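A short write-up of the structure that comes next.
Worth saying up front: this structure is predicted, and the values here are computed from it rather than measured. Numbered from 1 within each chain, the chains take letters A, B, ... in sequence-line order.
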Amino acid sequence: MAERIHITTAITYSNGPPHVGHAYEYLVTDSFVRYQRRKLGAENVTFVTGTDEHGQKNRDAAAAAGLKPKEFSDRIAALFREAHKGLNISDHIFVRTTDPVHEALVQRMLQRTYDCGDIYFKDYAGLYCVGCERFYTEKELLPGNICPTHNTRVESIKEGNYFLKLEKFRDEIVKNVRREGFIRPERYRNEALQMLSEPLDDLCISRPKARLDWGVELPFDSRYVTYVWYDAFWAYLSELPDNSSEALSEVLPVTEHFIGKDILKTHAVYWPAMLLAVGLPVYRHLNVHGFLNFGGARFSKSSGNIKDPVSFERAYGPDVLRYFLLREVTYGLDGDFSEERIVERYNSDLANDLGNLTSRVLSMAARYFQSEVTAQAGTGNDPLDGPLCEAFAATASKAGALIDDLAFNRSLEVIWQALDAANKYIVATAPFTIAKDPAQLSRVAQILANLIEGLRVVADTLAPFMPVTSAKILDLLNVDATLARAQFGQGIKPGHRVKPATPLFPRIEKPKA
RNA sequence: GGCGGCGUAGCUCAGUUGGUUAGAGCGGAGGUCUCAUAAUCCUCAGGUCGUAGGUUCGAUUCCUACCGCCGCCA
């Protein structure tokens with residue numbers, strides 16, 4: 001049976017348009033998805049992303065916009081769909097928590113948990129912050145019962161609510177968190193374990209409709225809707241082609257969640273508890289990324305440094321933002337984002353290394369051989385040929401293993417080492433010099449065959465990171481999808497014709513405003 | 001306040017299960033080639049590896065304290 005994998009981004013709880021921070025998560029995850037599709041076959045990979053549309057904040061944002069909640073979330077969802085398209089996010093299931101299929105699964109799981117006796121009712125009196133949608137204890141608040149996050153006065157509320165038992169699942173949750181590689185990178189595992197070293201308060205999973213009616217109704221008490229978090233987690237699974245419990249039992253052990261570090265606790269503690277409560281297995285990996293800063297400062301609306309990520313695609317061309325974020329940011333750590341750095345990366349890596357290498361190789365092929373490949377790659381006996389061919393031959397597997405380990409930046413580094421080797425090889429073999437001697441043309445042919453075949457392998461390996469660029473280079477090489485995937489030396493054969501060079505990444509002279 | 005992480009060349013970061021001259025990329029300086037997008041290629045950074053102690057034959061790498069930044073929790 002073929003190995004399969006299920007991959008998700010966090011679903012977005014957003015009352016505004018997507019920004020670069022969202023884009024980072026989408027682009028990282030999508031590159032991982034694209035890699036897995038190539039490795040396992042597209043039919044063995046499912047990819048879910050979407051929007052989290054219930055809850056008080058969404059309802060309030062809708063009210064502020066003068067819209068009904070559903071109309072408002074339709075608009076937000078459309079914005080995100082548009083952003084996915086603009087960012088070239090590959091095929092995915094776009095979940096909305098207001099979709100009937102999703103709501104049905106949430107209700108099924110609530111009912112099952114209730115039937116198992118893991119949800120109970122109790123009266124609760126406490127201080128509630130509307131913005132946070134949660135209760136606070138007095139010592140958590142600032143003097144005067146002010147919410148530390150929103151700087152507003154919390155409300156004193158007394159109401160009955162439903163709770164999910166958590167302590168019952170503690171041992172099982174801890175066992176999971178301890179599991180090697182469950183949380184990646186490892187730094188976040190320690191944080192999660194620390195969270196688990198303290199008593200777990202049972203999770204309140206309901207909101208009375210009297211206070212908030214924008215949510216999924218509890219199947220066992222129509223006076224309540226479920227809390228947004230309980231609702232949202234199931235979005236990872238609800239719109240899969242088959243969301244039966246049997247199917248979910250198969251999917252969860254191969255499920256990879258990609259999230260930001262801010263929602264570590266909910267995913268490391270609550271979500272596993274929810275799954276265990278309904279007798280489902282815990283998912284396989286929690287992949288946690290850091291935040292993007294802007295010139296050293298946090299992205300924030302007030303500082304006005306929020307950028308529309310799609311505008312970068314338009315300004316710099318496809319794949320550039322994606323390349324930059326994956327190459328420059330170490331997965332799991334915070335990264336710094338600035339246009340100055342993008343331009344630096346663009347010029348040095350994309351224009352000078354990748355783009356220029358493609359140009360010079362194709363130009364020589366055109367000039368000396370009318371773009372025909374006339375030798376078999378990998379068969380040269382010059383001492384310079386061996387190392388180059390070995391470098392190209394090893395690139396794909398090395399780069400791939402690093403993607404499996406979420407080391408996207410190092411994976412790209414490996415690919416660029418191959419480009420580097422190619423540029424050095426050209427200088428060392430100097431085909432442009434020996435081409436002046438007709439007697440040495442066959443050697444020139446050999447050199448170019450090696451380079452063209454190497455370029456093919458690099459372009460193919462680059463596909464998850466730079467899908468558009470990869471396709472462009474493969475097109476210049478006149479290679480179809482099947483030929484593109486061949487191992488080094490098995491691809492382009494003598495007699496093959498490539499196309500004339502066109503600049504892939506024209507240099508940018510000045511940073512754009 | 002508790003716990004954890006980080007602090008390495010101008011910038012972004014690797015790295016060291018303790019051991020000869022601490023690495024890469026970018027930026028900057030000089031040089032080279034001419035196939036190429038004034039690109040490539042070669043050479044050049046003398047950085048107290050946050051500070052102060054300790055362990056050790058020997059610490060950037062282990063321990064302690066402290067300083068700074070950050071995260072989580074309270």
> Within the structure, does a side-chain N or O atom of A/N352 lie under 4.0 Å from either OP1 or OP2 of B/rU40?
Replying inline: yes
> Which nucleotide, in any strand shown, forms a Watson-Crick or G-U wobble pair with B/rA38, with both distances under 3.5 Å?
Replying inline: none
> For RNA chain B, whose closest nucleotide is more 5', that of A/L333 or that of A/A351?
Replying inline: A/L333
>> Just the rounded figure in Å: distance from P of B/rU37 to CG of A/N347.
In response: 15 Å
>> Rounded to whole Å, how long is the line connecting atom CG of A/L476 with atom P of B/rU37?
In response: 13 Å
> Where the side chain of A/R345 is defined as all heavy atoms beyond and including C-beta, which of B/rC26, B/rC33, B/rG25 is the nearest nucleotide?
Replying inline: B/rG25
> So, do A/F32 and A/Y331 have ring centers that fall under 6.0 Å from each other?
Replying inline: no
> According to the Watson-Crick and G-U wobble definitions, with both distances under 3.5 Å, which nucleotide is paired to B/rG18?
Replying inline: none
>> Minimum heavy-atom separation for A/R456 and A/A486, please, with both atom names.
In response: NH1-O, 3.0 Å
> What integer number of Å spans the P atoms of B/rC44 and B/rG4?
Replying inline: 43 Å
> Between A/W234 and A/W271, is the ring centre distance below 6.0 Å?
Replying inline: yes
>> Just to be sure I understand the rule, does A/S363 reach a base, reach only the sugar-phosphate, or reach nothing, if contact means heavy atoms closer than 4.0 Å?
In response: sugar-phosphate
>> Would you measure the distance from the P atom in B/rG71 across to the matching atom in B/rC13 and give it in whole Å?
In response: 16 Å
>> Need the pair for B/rA45. Rule: Watson-Crick or G-U wobble, both distances under 3.5 Å, any strand; none if unpaired.
In response: none
>> Is it the case that the side chains of A/T330 and A/N409 hold a donor-acceptor pair, with the cut-off being a distance below 3.5 Å and no angle test?
In response: yes
> Can you tell me how far C1' of B/rC73 sits from CG of A/L264, to the nearest Å?
Replying inline: 12 Å
>> Is it the case that the base of B/rA36 and the side chain of A/N356 share a donor-acceptor contact (distance under 3.5 Å, atom types as modelled)?
In response: yes
> From the list B/rU12, B/rU40, B/rA36, which nucleotide is the closest neighbour of the side chain of A/S359?
Replying inline: B/rA36
>> Suppose you measure atom P in B/rA29 against the same atom in B/rU40; what distance do you get, rounded to whole Å?
In response: 14 Å
> B/rA24 pairs with which nucleotide, Watson-Crick or G-U wobble, both distances below 3.5 Å?
Replying inline: B/rU12
> B/rU40 C1' sits how many Å from A/L419 CG, rounded?
Replying inline: 13 Å
>> Between B/rA74 and B/rA59, how far apart are the two P atoms, rounded to whole Å?
In response: 42 Å
> A/R507 has an atom CZ; how far is it from atom P of B/rC26, in whole Å?
Replying inline: 12 Å
>> Just the rounded figure in Å: distance from C1' of B/rG10 to CZ of A/R341.
In response: 12 Å
> Nearest to the side chain of A/F432 - B/rU37, B/rU40, B/rU34?
Replying inline: B/rU34
> Taking for each residue the nucleotide of RNA chain B bearing the nearest heavy atom, is the 5' side occupied by A/S348 or by A/E191?
Replying inline: A/S348
>> At 4.0 Å (heavy atoms only), tell me whether A/Y368 reaches a base, stays on the sugar-phosphate, or touches nothing.
In response: sugar-phosphate
> Say you pick atom P in B/rC26 and the same atom in B/rG5; how far apart are they, in whole Å?
Replying inline: 33 Å
>> In this structure, how many angstroms lie between the P atom of B/rU40 and the CG atom of A/L362, rounded?
In response: 18 Å
> Hey, is the side chain of A/K424 poking within less than 4.0 Å of OP1 or OP2 on B/rC42, counting only N and O atoms?
Replying inline: yes
> When the distance from CG of A/L354 to C1' of B/rU40 is rounded to whole Å, what number comes out?
Replying inline: 14 Å
>> Please give the distance between the P atoms of B/rC11 and B/rU16 as a whole number of Å.
In response: 23 Å
>> Just to be sure I understand the rule, does A/R367 reach a base, reach only the sugar-phosphate, or reach nothing, if contact means heavy atoms closer than 4.0 Å?
In response: sugar-phosphate
> Taking the same atom, P, in B/rU61 and in B/rU51, what whole-Å distance lies between them?
Replying inline: 10 Å
>> Suppose we define a pair by two distances each less than 3.5 Å, Watson-Crick or G-U wobble; what does B/rC69 pair with here?
In response: B/rG5
>> Taking pairing as Watson-Crick or G-U wobble with both contacts under 3.5 Å, can you name the mate of B/rU64, or confirm there isn't one?
In response: B/rA52
> Looking only at atom types and distance, does a side-chain atom of A/R179 sit under 3.5 Å from a main-chain N or O of A/R284, one as donor and one as acceptor?
Replying inline: yes
>> Between A/H267 and A/Y236, is there a side-chain donor-acceptor contact under 3.5 Å, judged purely by atom types and distance?
In response: yes
> Is A/D420 touching bases, backbone alone, or none of the nucleic acid, heavy atoms closer than 4.0 Å?
Replying inline: sugar-phosphate
> Can you tell me how far CZ of A/F324 sits from CG of A/L412, rounded to the nearest 0.5 angstrom?
Replying inline: 12.5 Å
>> Please give the distance between the P atoms of B/rA65 and B/rU21 as a whole number of Å.
In response: 32 Å
>> Quick check: do A/T12 and A/Y26 have side-chain heavy atoms less than 4.5 Å from each other?
In response: yes
